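Remarks on the structure that follows.
Computed from a prediction, not measured in an experiment: that's the story for all the values here. Quick note: numbers below take in every heavy atom, side chains included, and nothing from hydrogens, waters or symmetry partners.
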Amino acid sequence: MSGQDDPVQREIHQDWANREYIEVITSSIKKIADFLNSFDMSCRSRLATLNEKLTALERRIEYIEARVTKGETLT
């Protein structure tokens with residue numbers, strides 16, 4: 001009977017090894033997804049801030065260009 005148990009035991013050990021490997025891969029994928037989501041949010045926030053600054057600069061440039069075109073002094 002021990003001859004029959006040995007292949008079964010090997011299959012059980014192999015199954016557990018496969019499950020542990022799948023768990024490691026799954027955990028790694030979740031960590032990568034979490035990092036990418038965090039990176040995405042950080043980039044979006046920084047780009048929004050940069051966009052606000054660029055918009056303010058564009059308005060200022062338009063204002064200065066309008067004053068120069070009218071011949072006004074900038075001081």
Side-chain angles (χ1 to χ4, degrees):
M1 188 146 165
S2 71
Q4 291 177 340
D5 289 339
D6 193 46
V8 171
Q9 288 295 326
R10 271 186 276 179
E11 284 186 39
I12 291 172
H13 287 293
Q14 185 62 44
D15 183 59
W16 277 108
N18 288 341
R19 289 172 189 257
E20 289 173 355
Y21 178 72
I22 290 169
E23 182 62 31
V24 168
I25 297 297
T26 302
S27 176
S28 296
I29 290 170
K30 286 179 183 176
K31 287 179 184 176
I32 291 169
D34 289 343
F35 166 76
L36 290 174
N37 286 329
S38 174
F39 182 75
D40 175 61
M41 292 300 292
S42 174
C43 288
R44 287 177 189 265
S45 173
R46 290 177 184 208
L47 286 172
T49 300
L50 184 60
N51 187 48
E52 291 173 6
K53 290 178 180 179
L54 285 173
T55 300
L57 285 172
E58 287 170 347
R59 286 187 195 141
R60 183 149 173 84
I61 288 171
E62 288 172 1
Y63 172 76
I64 292 171
E65 285 176 342
R67 287 188 66 181
V68 168
T69 301
K70 287 184 179 179
E72 296 178 9
T73 61
L74 296 176
T75 58

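Counting only N and O atoms by type, the side chains of Y63 and R59 include no donor and acceptor under 3.5 Å apart.
Transitive grouping of hydrophobic side chains (ILVMFWY, heavy atoms separated by less than 4.5 Å) keeps I29 and I32 in distinct clusters. When hydrophobic clusters are built by joining Ile, Leu, Val, Met, Phe, Trp and Tyr residues whose side-chain heavy atoms come closer than 4.5 Å, directly or via intermediates, V8 is grouped together with W16.
For the atom pair NZ (K53) and CG (L57), the distance works out to 9.5 Å, reported to the nearest 0.5 Å. Here the straight-line distance linking atom OG1 of T69 with atom CD1 of I64 works out to 11.5 Å at 0.5 Å rounding. Between the CG atom in L47 and the OG atom in S42 there is a gap of 9.0 Å [rounded to 0.5 Å]. How far CD1 of I12 is from CD of Q14: 12.0 Å, rounded to the nearest 0.5 Å. The distance from the CZ atom of R44 to the CZ atom of F39 is 11.5 Å, given to the nearest 0.5 Å. From D6, atom CG reaches atom CD of E11 across 10.5 Å, with rounding to the nearest 0.5 Å.
Within the 4.5 Å cutoff, the side chain of P7 has heavy atoms near those of the R10 side chain.
Looking at S38, its side chain never comes within 3.5 Å of a backbone N or O of D34 through a donor-acceptor pair. When atom types are taken as modelled, the side chain of T55 and the backbone of N51 share a donor-acceptor pair closer than 3.5 angstrom. Side-chain atoms of S27 do not come within 3.5 Å of backbone N or O of E23 as any donor-acceptor pair.
With respect to D15 and R19, a salt bridge is recorded, a charged nitrogen being found less than 4.0 Å from a carboxylate O.
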